[in-house]
Amino acid sequence: MSADDLRDLLLRWQAGWVTARSYRSAMDGDTVTVDVGLAERRTETLLLDADPELYAAVAESVAGPAQWLTAPTTDRARTHAAAVDAGFTPHAPEWLMTRPLAGHPEPEVPAGYDTWLSGRPPLLVAEVVTDGDGPRALAAKGHLALSAADAVADRIFTVPEHRRRGLGSIVMATLTTAARERGAVTGLLVASEQGRLLYERLGWRVVTELTVADWSGHGSPASPADPLE
Ligand SMILES: CC(C)(COP(=O)(O)OP(=O)(O)OC[C@H]1O[C@@H](n2cnc3c(N)ncnc32)[C@H](O)[C@@H]1OP(=O)(O)O)[C@@H](O)C(=O)NCCC(=O)NCCS
């Protein structure tokens, strides 16, 4: 994929992501600064290019408390080394993924569960709840933001005891069907390792690996106390 195409997909994903989370963001050259506003994650910088040298320069320039840095990578070891050099701690890998919404699998809802679709464009929320005589319990949930012709899925989650029963697939089907009915054409998301297994099964493909890192500062050099001092 060309650098321009990668940049375009990253920008389109972040446009939906900030909508899904009600974050403010500002683009400046090769980066987008997202105002997350949490004590431990004040600002997240998204780098729009996979060049490791650019990564190293941006990491140095944004390093500081509560700073996160997310960037595409084609060389995990080199990107992680640059992150660590600037005081960042890389997280588990994530992946930007996409698929056309047309033809997205729409499996049957398994027995014992019901689906709910709520929210109002641009934000849709799908929930799968238990269906029985007792109180309904949440089993799976996901969000999706509509952004131009894109549908950006976010925070897809199945409660641990309900996993591997097809509910993550139902959440994705509910959201993507609703998005398609509202005119969206292309799906975009950032996947965790577990999420990637689900989305690949549903026909999504990886655009790029992402390195997500948070600044933890340069640890002080390991220097055992001198017993003579
Ligand atoms: C990822 C997650 C949402 C999957 O939910 P789920 O309800 O278990 O997904 P499904 O049952 O619909 O899985 C459908 C298929 O995806 C694949 N899959 C999903 N989770 C998998 C896993 N942990 N390991 C291997 N394959 C997996 C399998 O092919 C599975 O079909 P199978 O069970 O017949 O083998 C769930 O594991 C989760 O909430 N994880 C923690 C949060 C998270 O990472 N969310 C994704 C954020 S991007």
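Atoms within each ligand, like the ligands themselves, are counted from 1 in listed order.
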_Please work out, at 4.0 Å between heavy atoms, whether the side chain, the backbone, both, or neither of Val190 comes within that distance of ligand 1._
backbone

*State whether the side chain of Arg180 and the backbone N or O of Leu101 hold a donor-acceptor pair below 3.5 Å, judged by distance alone.*
yes

*asked:* Distance under 4.0 Å to a non-hydrogen atom of Ser169: what atoms of ligand 1 satisfy this?
replied: 10 (P), 12 (O), 14 (C)

*For Thr31, does its backbone N or O pair with a side-chain atom of Asp28 as donor and acceptor, under 3.5 Å?*
no

_Protein heavy atom at shortest distance from atom 45 (N) of ligand 1_ = Ile156 O, 2.8 Å

_Arg164 and ligand 1 - part of the residue with a heavy-atom distance under 4.0 Å_ = both

*Side chains of Glu94 and Ser192: is there a donor and an acceptor less than 3.5 Å apart?*
no

*Mark up the atoms of ligand 1 that fall under 4.0 Å of a heavy atom belonging to Phe157, in ascending order.*
39 (O), 42 (C)

*Taking atom types as modelled and ignoring hydrogens, do the side chains of Thr89 and Ser216 form a donor-acceptor contact shorter than 3.5 angstrom?*
yes

*Give the residue and atom name of whichever protein heavy atom lies nearest to atom 34 (O) of ligand 1, and the separation in Å to one decimal.*
Arg201 NH1, 3.4 Å

*What residue among Gln194, Glu200, Glu193 forms side-chain hydrogen bond (donor to acceptor under 3.5 Å, both in side chains) with Arg196?*
Glu200

_For atom 36 (C) of ligand 1, the protein heavy atom that lies nearest, with its residue and separation_ = Arg163 NE, 3.6 Å

*Run the contact test for Ala140 against ligand 1 with a 4.0 Å cut-off on heavy atoms, strictly below, and give the result.*
no

*Got a salt bridge between Asp49 and Arg7, using NZ or NE/NH1/NH2 to carboxylate O under 4.0 Å?*
no

*Who gets closest to atom 26 (N) of ligand 1 by heavy atom: Asp154, Leu197, Leu198?*
Leu197

*Can you tell me which residue and heavy atom of the protein come closest to atom 43 (C) of ligand 1, and the distance to 0.1 Å?*
Ser192 OG, 3.7 Å

*Under-4.0 Å heavy-atom contact with ligand 1, by part of Tyr199 that carries it*: side chain

*With atom 23 (N) of ligand 1 as the reference point, say which of Glu200, Met172, Gln194, Met97 has the nearest heavy atom.*
Gln194

*Contacting atoms of ligand 1, where contact means under 4.0 angstrom from a heavy atom of Gly166*: 10 (P), 11 (O), 12 (O)

*What atoms of ligand 1 come closer than 4.0 angstrom to any heavy atom of Arg165?*
11 (O)

*asked:* Give the atom numbers and elements of ligand 1 that come within less than 4.0 Å of a heavy atom of Gly195.
replied: 1 (C), 46 (C)

*Are any side-chain N or O atoms of Trp68 and backbone N or O atoms of Glu40, one a donor and one an acceptor, separated by less than 3.5 Å?*
yes

*asked:* For the backbone of Met97 and the side chain of Arg205, can you confirm whether one donor and one acceptor N or O come within less than 3.5 Å of each other?
replied: no

*Verify the cluster assignment for Leu47 and Leu9: are they in a single hydrophobic cluster under the rule of side-chain heavy atoms below 4.5 Å apart?*
no

*Does Arg12 reach the main-chain N or O of Ala148 with its side chain, forming a donor-acceptor pair under 3.5 Å?*
no

_Out of all atoms in ligand 1, which are within 4.0 Å of some heavy atom of Thr158? Include the element for each._
3 (C), 5 (O), 6 (P), 7 (O), 38 (C), 39 (O)

_Lys/Arg-Asp/Glu bridge criterion (N-O < 4.0 Å) met for Arg41, Asp214_ = no

*Which atoms of ligand 1 have any heavy atom of Gly168 under 4.0 Å away?*
5 (O), 6 (P), 7 (O), 9 (O), 12 (O)

